[in-house]
Amino acid sequence: QVQLVESGGGLVQPGGSLRLSCAASGRIANIYNMGWYRQAPGKQRELVARIISGSRTNYADSVKGRFTISRDNVKNTGYLQMNSLKPEDTAVYFCNALIARIGVPGTYDAWGQGTQVTVSS
C-alpha cells in the first residue's frame, strides 16, 4: 500500500525556520492533493496548508505569509517551509495525500505518522 514518511521536525527557537518533507512511496498512479495538518495537545487537528493538482494552495490564517507549501511530482514528495516560527506553532505535524493507486479504482486518503515541531526559547 501507499505510505507517507515525514522528516524535518525538531526543536527551534522563536523566529527560526524549519522545512518539513513528506515522501510518498508505493504503487502510485497519481497524487491529487497534498496537505499538512497539525495537532497540539488537547486541541483538534487543524489544516495548516494544502496544495492540489494545478498548484492551487490554501493556508490557515495563522500561518499566511510565514509558511509555504510545495510539491515535487517527480519525487512524489511534498514540502512545508516554515519561517518566523512562533511558540503557538508547536504541534505534531501530519502529512496527508489523496492518492490514486495503480490497479485500484478510486482514491486513497493517506496519512503520515506525524513529526513533532517544538518552538521554544
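Because the structure is predicted, anything quoted here is derived from the model rather than measured.
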Measure the [atom1]-[atom2] distance between [X] and [Y] for me, rounded to the nearest 0.5 Å.
| X | Y | atom1 | atom2 | answer |
| --- | --- | --- | --- | --- |
| Arg66 | Thr68 | CZ | OG1 | 11.0 Å |
| Thr118 | Asp89 | OG1 | CG | 11.0 Å |
| Gln116 | Thr90 | CD | OG1 | 7.0 Å |

If every non-hydrogen atom of [X] is compared with every non-hydrogen atom of [Y], which pair is closest and at what distance?
| X | Y | result |
| --- | --- | --- |
| Ser121 | Pro14 | N-CD, 3.7 Å |
| Ser17 | Ser84 | OG-N, 4.4 Å |
| Ala40 | Ala91 | N-CB, 3.9 Å |

Point to revise | Donor on one side chain, acceptor on other, Arg56 and Asn58, under 3.5 Å | key: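 Short answer, no.
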**Study point:** Main-chain N/O of Arg38 paired to Glu46 side chain as donor or acceptor, under 3.5 Å
**Key:**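 Here the side-chain-to-backbone pair does not exist.
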Check your understanding: Can you check whether Gln113's main-chain N or O pairs, donor with acceptor, with Glu6's side chain at less than 3.5 Å?
Key ->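 Yes.
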Check your understanding: Does anything in residues 94-105 pair up under side chain to side chain donor-acceptor pair (under 3.5 Å), and if so which pairs, sequence neighbours excluded?
Key ->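 Those involving residues 94-105 are Asn96-Asp109.
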Exercise for review: Report, as yes or no, whether the 6.0 Å neighbourhood of atom CD on Glu88 holds more than 12 heavy atoms from other residues, nucleotides or ligands.
Suggested key: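 Enclosed.
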Exercise for review: Mind jotting down which residue pairs meet the ring-ring contact (aromatic ring centres under 6.0 Å, His included) criterion with at least one end in residues 6-29? Sequence neighbours excluded, please.
Suggested key: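 Counting only pairs at least two positions apart or across chains, no ring-ring contact (aromatic ring centres under 6.0 Å, His included) contact touches residues 6-29.
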Practice item. Could you tell me which residues satisfy side-chain hydrogen bond (donor to acceptor under 3.5 Å, both in side chains) with Gln81, sequence neighbours excluded, listed by chain and number? Key: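 Checked Gln81 against side-chain hydrogen bond (donor to acceptor under 3.5 Å, both in side chains); matches are Asn83.
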Review point. Can you name the salt bridge (Lys or Arg N to Asp or Glu O under 4.0 Å) partners of Lys64, sequence neighbours left out?
Key: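 Only Asp61 meet the salt bridge (Lys or Arg N to Asp or Glu O under 4.0 Å) criterion with Lys64.
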Exercise for review: State yes or no: do Tyr32 and Trp111 share one hydrophobic cluster built from I, L, V, M, F, W and Y residues joined by side-chain heavy-atom distances below 4.5 Å, directly or via other members?
Suggested key: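 The answer is no; the residues belong to distinct hydrophobic clusters.
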Point to revise | Connected hydrophobic set around Val74, excluding itself, where side chains approach under 4.5 Å | key: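 Members other than Val74 - counting any ILVMFWY side chain reachable under 4.5 Å - there are none.
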Review point. Going by side-chain heavy atoms closer than 4.5 Å, which hydrophobic residues are tied to Ile51, directly or by a chain of links?
Key: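 Members alongside Ile51: Val2, Leu4, Val12, Leu18, Leu20, Ile28, Ile31, Met34, Trp36, Val48, Tyr59, Val63, Phe67, Ile69, Leu80, Met82, Leu85, Tyr93, Ile99, Tyr108, Val117, Val119.
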